[in-house]
Protein chains: 2
Amino acid sequence: MSKVSPRRTDPRTHTALIEIAAALLATEGPQALSTRRITAEAGTSTMAVYTYFGGMSGLVRQMVHEGFQRLQGHLTAVRSTFDPVADMALLGRAYRMNALANPHLYSVMFGGASLSGFSLTDDDRQHGRYTLTSVVECVANCVAAGRFADADVAHVAHQMWMATHGLVTLELGGYLAAPLDGEALFDPQLVALMVGAGDRPDAAARSVRASRRRIERELTAQAG
Amino acid sequence: MSKVSPRRTDPRTHTALIEIAAALLATEGPQALSTRRITAEAGTSTMAVYTYFGGMSGLVRQMVHEGFQRLQGHLTAVRSTFDPVADMALLGRAYRMNALANPHLYSVMFGGASLSGFSLTDDDRQHGRYTLTSVVECVANCVAAGRFADADVAHVAHQMWMATHGLVTLELGGYLAAPLDGEALFDPQLVALMVGAGDRPDAAARSVRASRRRIERELTAQAG
DNA sequence: ATTGTTGCATAACAGCGATATGTTTAGTAC
DNA sequence: GTACTAAACATATCGCTGTTATGCAACAAT
């Protein structure tokens with residue numbers, strides 16, 4: 001049982017490969033993702049992809065996991081306030097902004113876009129389902145505050161997720177042409193669903209509208 | 001000015017290539033779509049793809065157009081009845097069934113899944129937007145029948161489309177695990193949106209539930 | 001210093017879409 | 001009926017892809 005610790009991998013190369021791949025995916029799209037492009041920009045040989053990730057699929061998987069983590073970070077960054085309906089609007093908007101900021105990555109994460117032979121495993125999807133936990137909590141807050149009808153919380157959260165996901169994916173697919181763009185459709189969509197969830201129409205519209213100030217404040221704070 | 005009509009293409013080979021490609025996409029997924037696989041099964045050389053479609057992108061584009069045509073056929077097959085809200089539920093269900101029957105094709109049509117270098121053009125998307133016309137008409141019927149509030153018809157139709165599209169894409173992506181599968185979520189999702197569109201909650205739930213008989217009848221009629 | 005284990009570069013392989021080149025074939029003109 | 005033309009199509013090839021076999025270099029343990 002001789003324990004031999006041979007040459008170790010360089011963690012900087014590991015992160016560099018992921019970052020280069022993510023940048024390539026974001027700027028030039030899925031077509032540009034190739035072992036040769038990535039490793040050339042990283043200054044290594046194509047073998048690095050295999051020693052560090054076991055292949056192209058492994059690298060894509062790491063990117064997807066980071067994408068899930070970033071999304072979750074954006075969602076948990078939305079604080080719970082006295083107005084849970086406005087919180088819900090902010091959650092949806094954060095979800096949409098994250099998707100618009102990384103459209104190709106979002107497609108791989110949720111759209112099922114097969115990228116270089118990569119396909120989601122059930123384990124990967126489990127990371128993605130954490131998306132829902134923030135929404136479930138928010139719906140529970142809405143019910144607790146007496147704003148939503150006391151329906152199945154998980155069902156309502158799924159409705160919110162599906163509606164926002166549908167809006168985002170159609171928008172990314174280019175199917176929401178001006179002047180009916182995603183921004184103009186986002187509020188009515190959320191309001192309609194909230195009304196369906198038991199909120200009174202005028203209250204839902206008012207609270208979504210009222211959340212705009214928080215939204216703009218947080219966006220400018222993030223940019224500055 | 002001698003008019004010479006040279007050798008013409010064989011329309012049977014044309015349709016055969018598309019059908020083989022569609023079958024391959026449906027059974028083995030996007031990875032199986034290659035000029036060599038398709039032409040080998042068709043008994044021709046790879047050049048056939050280029051003479052008939054100008055390349056792989058052209059063949060995929062033809063498949064997508066046929067997919068749009070079939071979807072439109074399924075939607076227009078939903079007849080308008082005295083209950084436009086139930087019609088809306090049937091429209092959504094037809095949309096979902098068509099997507100579940102051809103998941104990979106649906107991803108290419110709406111998910112923006114880049115397939116062998118193919119990407120949708122604005123012209124292609126215009127075919128896809130015809131999806132909305134059936135929904136717009138149905139919403140207009142709902143408003144005319146006094147079932148929906150007199151809001152922007154196009155906005156409401158977009159909401160219906162986005163919600164159904166979101167449910168379908170998440171379902172295709174494997175994100176709706178049992179027991180919260182798409183079937184269990186479909187009705188609540190539609191009811192919530194219809195309530196948000198101005199329908200009374202109990203009436204919306206009742207009409208969606210009432211449409212089940214028509215749905216089952218038409219499905220069994222289609223199967224038999 | 002020797003040895004064992006691993007990182008990683010080089011070169012190669014099978015498969016991909018696309019193309020250049022040559023052959024075959026169908027349709028017209030005479 | 002024959003000659004001609006232009007497109008259909010096959011063959012071979014190119015540059016690209018992910019992947020792998022091979023070999024060498026580097027580092028830890030003994």
Side-chain angles (χ1 to χ4, degrees), chain A residues 1-18 20-21 24-25 28-64 104 108 113-121, chain B residues 1-18 20-21 24-25 28-64 104 108 113-121:
Chain A
M1 269 302 193
S2 60
K3 262 203 159 186
V4 178
S5 297
R7 190 177 172 189
R8 292 262 157 252
T9 63
D10 186 2
R12 285 175 305 175
T13 308
H14 182 95
T15 62
L17 286 174
I18 294 183
I20 290 172
L24 265 151
L25 179 64
E28 301 188 34
Q31 307 286 346
L33 266 194
S34 73
T35 57
R36 287 167 175 80
R37 275 289 305 264
I38 297 170
T39 55
E41 297 203 15
T44 68
S45 80
T46 60
M47 279 304 296
V49 173
Y50 293 87
T51 57
Y52 283 92
F53 306 100
M56 198 60 187
S57 304
L59 200 159
V60 174
R61 178 159 288 111
Q62 284 285 341
M63 282 175 50
V64 166
H104 297 299
V108 179
S114 59
L115 192 52
S116 298
F118 166 80
S119 65
L120 287 165
T121 67
Chain B
M1 269 301 197
S2 61
K3 263 201 153 186
V4 177
S5 299
R7 188 178 175 188
R8 293 262 156 250
T9 64
D10 186 2
R12 284 175 306 176
T13 309
H14 182 97
T15 61
L17 287 174
I18 294 182
I20 291 173
L24 264 142
L25 179 65
E28 302 188 34
Q31 306 286 346
L33 266 196
S34 73
T35 57
R36 286 166 174 81
R37 276 288 305 264
I38 297 170
T39 55
E41 296 203 17
T44 68
S45 80
T46 60
M47 279 303 297
V49 173
Y50 293 87
T51 59
Y52 283 91
F53 307 99
M56 199 59 187
S57 303
L59 200 159
V60 174
R61 178 158 288 112
Q62 284 285 339
M63 285 175 48
V64 167
H104 296 299
V108 180
S114 58
L115 192 53
S116 297
F118 166 79
S119 64
L120 287 166
T121 67

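Everything numeric in this text was worked out from a predicted model, so none of it was measured. In what follows, chains are A, B, ... by sequence order, proteins preceding strands, each numbered from 1.
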Would you mind reading off the distance between Gln31(B) atom CD and dG17(C) atom P, rounded to a whole angstrom?
11 Å
Expressed in angstrom and rounded to an integer, what is the separation of Leu59(B) atom CG from dA18(C) atom P?
11 Å
Just wondering, do Leu59(B) and Met63(B) contact through their side chains at under 4.5 Å, heavy atoms?
yes
Could you state the interatomic distance from CD1 (Ile38(A)) to CZ (Phe53(A)), rounded to the nearest 0.5 Å?
8.5 Å
Please report, rounded to the nearest Å, how far the C1' atom of dC9(D) is from the CZ atom of Arg36(B).
16 Å
Would you mind reading off the distance between His14(B) atom NE2 and dA8(D) atom P, rounded to a whole angstrom?
12 Å
Could you give the CZ-to-P distance, from Arg37(A) to dT17(D), as a whole number of Å?
9 Å
Return no unless some side-chain N or O of Thr35(A) is found under 4.0 Å from OP1 or OP2 of dG18(D).
yes
CG (Leu115(B)) and CG (Leu120(B)) are apart, to the nearest 0.5 Å, by 10.5 Å
What contact category does Gly117(A) fall into here, base, sugar-phosphate, or nothing, at under 4.0 angstrom with non-hydrogen atoms?
nothing
In whole Å, I'd like the distance from the CZ atom of Phe53(A) to the P atom of dT19(D).
13 Å
Where the side chain of Thr9(A) is concerned, which of dG7(C), dC16(C), dA9(C) is the nearest nucleotide?
dG7(C)
Does Ser34(B) place a side-chain N or O at less than 4.0 Å from the phosphate oxygens OP1/OP2 of dC16(C)?
yes
For Ile38(B) and dC16(C), give me the distance from atom CD1 to atom P, rounded to whole Å.
10 Å
Working to the nearest 0.5 Å, report the span between NE2 of His104(B) and CG of Leu33(B).
9.5 Å
Nearest 0.5 angstrom please: Leu17(A) CG to Tyr52(A) OH, how far?
7.0 Å
Picking from dC16(C), dT19(C), dA10(D), the nucleotide nearest the side-chain atoms of Thr44(B) would be dA10(D)
Classify the nucleic acid contact of Leu33(B) as base, sugar-phosphate or nothing, counting any heavy atom under 4.0 Å across all strands shown.
sugar-phosphate
Taking dT10(C), dA20(C), dG17(C) as options, the one with an atom nearest any side-chain atom of Met47(B) is dA20(C)
Report yes if a side-chain nitrogen or oxygen of Tyr52(A) is closer than 4.0 Å to either non-bridging phosphate oxygen (OP1 or OP2) of dG7(C); otherwise report no.
no
Nucleotide dA10(D), atom P - distance to OH of Tyr50(B) in whole Å
14 Å
